[in-house]
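In what follows, a single structure is set out as structure tokens and then discussed.
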Amino acid sequence: QVQLVESGGGLVQAGGSLRLSCVASGSIVRINAMGWYRQAPGKQRELVAVFSSYGSTNYVDSVKVRFTISRDKAKNTVYLQMNSLRPEGTSVYYCNADIMTRVGVSTRYWGQGTQVTVSS
């Protein structure tokens, strides 16, 4: 039983910034990776950024330079700092985590999503 709770979404003007947070709680032995996805109306959910357990990060090409993912392992929290936001970034952003809930058993979990709306 794991819960991911996102926060930080909202309405922002193009060029502005937001910081999303996601906190994992529950039966956690180890978090292997945490990341952010987004899904706009009529589109597939896509990976935005991921932070692995060993510290590597990856970003979708469209957000490189503008977005930064970070993780606080002690707090089971991942952040997404979003700068220079564009209207195309308007989406529901979802936290995702690959979590070991007991030794040798890992499962991916999703948060409920937080709406990010970028006005032009």
Side-chain angles (χ1 to χ4, degrees):
Q1 296 181 333
V2 171
Q3 184 180 33
L4 304 180
V5 179
E6 304 105 326
S7 61
L11 175 65
V12 65
Q13 290 183 310
S17 298
L18 287 173
R19 190 179 79 151
L20 306 183
S21 299
C22 173
V23 180
S25 61
S27 301
I28 299 170
V29 176
R30 184 176 71 238
I31 298 177
N32 301 313
M34 299 186 78
W36 292 93
Y37 287 71
R38 65 185 179 188
Q39 187 166 23
K43 291 195 171 185
Q44 296 288 318
R45 189 172 297 186
E46 66 172 352
L47 178 66
V48 178
V50 62
F51 197 112
S52 74
S53 61
Y54 48 89
S56 67
T57 59
N58 283 286
Y59 301 87
V60 67
D61 286 345
S62 60
V63 309
K64 288 179 179 176
V65 178
R66 299 184 297 114
F67 288 14
T68 302
I69 189 169
S70 60
R71 181 178 167 190
D72 186 335
K73 290 186 177 181
K75 296 181 179 180
N76 291 337
T77 300
V78 65
Y79 305 93
L80 186 67
Q81 178 66 46
M82 305 186 294
N83 299 324
S84 301
L85 282 161
R86 304 171 181 172
E88 307 93 89
T90 295
S91 295
V92 178
Y93 284 71
Y94 296 91
C95 181
N96 178 263
D98 186 79
I99 296 173
M100 181 179 290
T101 54
R102 65 179 199 264
V103 175
V105 179
S106 294
T107 306
R108 295 181 71 187
Y109 294 90
W110 293 94
Q112 80 287 351
T114 184
Q115 177 71 46
V116 172
T117 302
V118 185
S119 65
S120 58

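Model, not experiment: these values are computed from the prediction.
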List the steps and the verdict of side-chain contact (heavy atoms from CB on, under 4.5 Å) for T114 and L20. CA-CA 8 Å; T114 184; L20 306 183; 4.1 Å; yes

Kindly give the heavy-atom pair with the smallest separation between L47 and W36, and that separation in Å. CD1-O, 3.6 Å

Please check: side-chain N/O of N96 versus main-chain N/O of G111, any donor-acceptor pairing under 3.5 Å? no

Looking only at heavy atoms, the pair that brings G8 and L18 closest together is O-CD2, 3.8 Å

Is there a path of hydrophobic side-chain contacts, each under 4.5 Å between heavy atoms of I/L/V/M/F/W/Y residues, joining V78 to Y59? yes

Flag side-chain contact, heavy atom, 4.5 Å: R38 against V63: yes

Does one hydrophobic cluster hold both V116 and V50, with members joined at side-chain heavy-atom distances below 4.5 Å? no

Quick check for you: to the nearest 0.5 Å, what is the distance between Q1 atom CD and T101 atom OG1? 10.5 Å

Mind checking whether V65 and N83 have side chains closer than 4.5 Å, heavy atoms only? no

Of L80, V60, T57, the residue whose pairing with F67 passes side-chain contact (heavy atoms from CB on, under 4.5 Å): L80

E6 and Q112: side-chain donor and acceptor closer than 3.5 Å? yes

ILVMFWY network linking Y94 to Y79, side-chain heavy atoms under 4.5 angstrom: no

Can you list the steps and then say if S106 with N32 is a side chain to side chain donor-acceptor pair (under 3.5 Å)? CA-CA 8 Å; S106 294; N32 301 313; 3.1 Å; yes

Taking the six-membered ring for Trp, is the centroid-to-centroid distance between Y37 and W110 below 6.0 Å? yes

same_hphob_cluster(V23, I99) at 4.5 Å side-chain heavy-atom cutoff: no

Can you tell me how far apart CG (L4) and CZ (R108) are? Round to the nearest 0.5 Å. 11.0 Å

Ignoring hydrogens, what is the shortest heavy-atom contact between A14 and P87? Give both atom names and the distance. CB-CD, 4.1 Å

How long is the straight-line distance from OG of S120 back to CD of Q13, given to the nearest 0.5 Å? 9.5 Å

CZ on F51 to CE on M34, rounded to 0.5 Å: 11.0 Å

Could you tell me if the side chain of I28 sits less than 4.5 Å from the side chain of N76, heavy atoms only? yes

Any side-chain heavy-atom pair from Q81 and S17 closer than 4.5 angstrom? yes

Side-chain donor-acceptor contact under 3.5 Å, E88 with T90: no

Keeping R30 on the side-chain end and M100 on the backbone end, is there a donor-acceptor pair under 3.5 Å? no

Atom CG of L11 and atom OG1 of T117: how far apart are they, to the nearest 0.5 Å? 6.0 Å

Can you tell me how far apart CZ (R66) and CG (L85) are? Round to the nearest 0.5 Å. 6.5 Å

